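To keep things clear, I will list the structure first and then write my remarks on it.
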Amino acid sequence: MNIDPRPLYTRATEQIAALVETVRPERLAGPTPCAEFDVRTLLSHIAGGTRRIAVVGAGGDGMAVRPFLDGVEDDRWIAAYDEVRTEAQKSWADDARLDALVTVPWGEAPGRIALAGYVMEAVTHTWDLSESLGRPLALDPELAEFALGIARRVLPDERRDDEELPFDSAVPAPEGADAYGRLAAYLGRRPLS
């Protein structure tokens with residue numbers, strides 16, 4: 001894979017930011033398709049994962065970064081997310097980072113592969129958050145198609161017996177599912193309703 005995933009990552013973070021802006025405090029304790037997360041914990045994980053890939057892009061040890069952002073007040077999620085996504089965009093600005101070997105949770109990879117994996121992560125959690133909020137915004141189908149392609153490449157179903165992987169085995173996509181629905185189903189997620 002010899003693409004530059006930075007524009008896709010930027011679009012994915014812009015989409016998340018637009019979705020985070022729709023979150024109301026009364027929804028923060030609500031359920032998500034990630035059974036172990038409520039909306040607040042999902043936001044914490046989205047922001048923490050963004051901070052982690054920002055540290056990786058800057059040449060730091062992303063594995064030393066907890067994939068959750070703690071201590072965010074309920075009315076500060078959009079500001080907190082904007083801060084970490086700006087940090088991530090700046091840290092990946094140097095073209096040399098795309099070919100540098102970096103360490104991410106699934107191993108060592110060239111920066112472009114690592115960042116593409118985080119596009120998949122961001123887009124997947126965008127679906128999770130959108131489902132949790134009752135699908136308040138139209139989502140970018142091109143991002144979901146890209147993320148689904150990455151998921152199929154790096155997560156064949158036969159590898160998902162590893163308890164360390166945060167994805168369940170694929171489930172059937174609902175009839176007529178859009179790209180996000182197919183991505184979610186491939187990653188073992190089911191809609192809340």
Side-chain angles (χ1 to χ4, degrees), residues 5-6 8-94 97 102-109 111 114-137 139-140 143 147 163-168 180 183-184 187-189 192:
R6 293 176 296 186
L8 291 166
Y9 188 74
T10 297
R11 283 173 43 202
T13 64
E14 289 168 351
Q15 182 169 255
I16 290 171
L19 200 52
V20 172
E21 284 183 8
T22 72
V23 178
R24 300 293 165 248
E26 62 271 12
R27 299 300 294 260
L28 290 169
T32 73
C34 303
E36 66 276 10
F37 293 173
D38 61 11
V39 171
R40 183 181 289 109
T41 307
L42 178 58
L43 291 171
S44 174
H45 180 60
I46 290 169
T50 304
R51 165 132 321 130
R52 178 180 269 182
I53 197 61
V55 169
V56 169
D61 180 5
M63 296 308 294
V65 176
R66 187 169 181 270
F68 292 89
L69 190 61
D70 298 320
V72 178
E73 295 177 25
D74 287 349
D75 63 347
R76 302 271 308 139
W77 282 109
I78 190 60
Y81 185 69
D82 279 343
E83 181 181 315
V84 294
R85 77 185 182 103
T86 298
E87 182 184 335
Q89 289 167 3
K90 288 178 182 176
S91 74
W92 285 94
D94 182 356
R97 296 303 302 154
V102 300
T103 302
V104 288
W106 57 90
E108 191 174 70
L115 191 56
Y118 272 83
V119 171
M120 182 190 84
E121 168 100 356
V123 171
T124 301
H125 288 314
T126 298
W127 181 85
D128 294 332
L129 184 58
S130 180
E131 281 292 305
S132 302
L133 301 174
R135 301 182 199 137
L137 304 173
L139 301 178
D140 183 338
L143 290 172
E163 291 182 19
E164 296 290 316
L165 285 176
F167 305 107
D168 290 332
Y180 282 87
L183 171 66
L187 296 176
R189 286 166 157 73
L192 287 174

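In this text, all values refer to a predicted model and were calculated from it rather than measured experimentally.
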What are the two closest non-hydrogen atoms of R189 and C34, and how far apart are they? NH2-SG, 3.4 Å

Give the minimum heavy-atom separation between A54 and V84, together with the two atoms involved. CB-O, 4.4 Å

Side chain of R85, backbone of T50: donor and acceptor closer than 3.5 Å? no

What distance do M120 atom CE and L183 atom CG have between them, rounded to the nearest 0.5 Å? 7.5 Å

Just how far is it from atom OG1 of T32 to atom CG of L129, taken to the nearest 0.5 Å? 9.0 Å

Whether the side chain of Y180 engages the backbone of D128 through a donor-acceptor N/O pair (distance < 3.5 Å, no angle test) should be reported. no

Main-chain N/O of I53 paired to W92 side chain as donor or acceptor, under 3.5 Å: yes

Once salt bridge (charged side-chain N to carboxylate O under 4.0 Å, His left out) is applied, do any residues pair with R52, and if so which ones, sequence neighbours excluded? none

S91 and A58 have their tightest heavy-atom pair at CB-N, 3.5 Å

Could you walk me through whether W77 and V23 satisfy the side chain to side chain contact (heavy atoms under 4.5 Å, CB included) test, starting with their C-alpha distance in whole Å, then the side-chain angles of each, then the deciding distance to 0.1 Å, before giving a yes or no? CA-CA 9 Å; W77 282 109; V23 178; 5.9 Å; no

Inter-residue atom distance E14.CD - D82.CG, 0.5 Å rounding: 10.0 Å

Passes side chain to side chain contact (heavy atoms under 4.5 Å, CB included), T22 versus L137? Steps please. CA-CA 9 Å; T22 72; L137 304 173; 4.3 Å; yes

List the steps, then state whether side chain to side chain contact (heavy atoms under 4.5 Å, CB included) holds for E83 with R51. CA-CA 9 Å; E83 181 181 315; R51 165 132 321 130; 3.6 Å; yes

Spacing of D140 atom CG and R11 atom CZ [to the nearest 0.5 Å]: 4.5 Å

Can you name the one residue among V20, I46, L139 that meets side-chain contact (heavy atoms from CB on, under 4.5 Å) with T126? L139

Which heavy atom of A122 sits nearest a heavy atom of Y9, and at what distance? CB-CE1, 4.5 Å

Return the minimal non-hydrogen interatomic distance between M63 and V104, and the atom names on each side. SD-C, 3.6 Å

Euclidean distance, Y118 OH relative to T13 OG1, rounded to 0.5 Å: 14.5 Å

With no hydrogens and no angle check, is any side-chain donor or acceptor of R27 less than 3.5 Å from a backbone partner on S132? yes

Just do the side chain to side chain contact (heavy atoms under 4.5 Å, CB included) check on L8 and L143 with the steps written out, would you? CA-CA 7 Å; L8 291 166; L143 290 172; 3.8 Å; yes

Would you call the rings of F37 and H125 parallel, tilted or perpendicular, taking 30° and 60° as the class edges? tilted

Looking only at atom types and distance, does a side-chain atom of S44 sit under 3.5 Å from a main-chain N or O of L69, one as donor and one as acceptor? yes

R135 to E131 - nearest heavy-atom pair and separation: NE-OE2, 2.5 Å

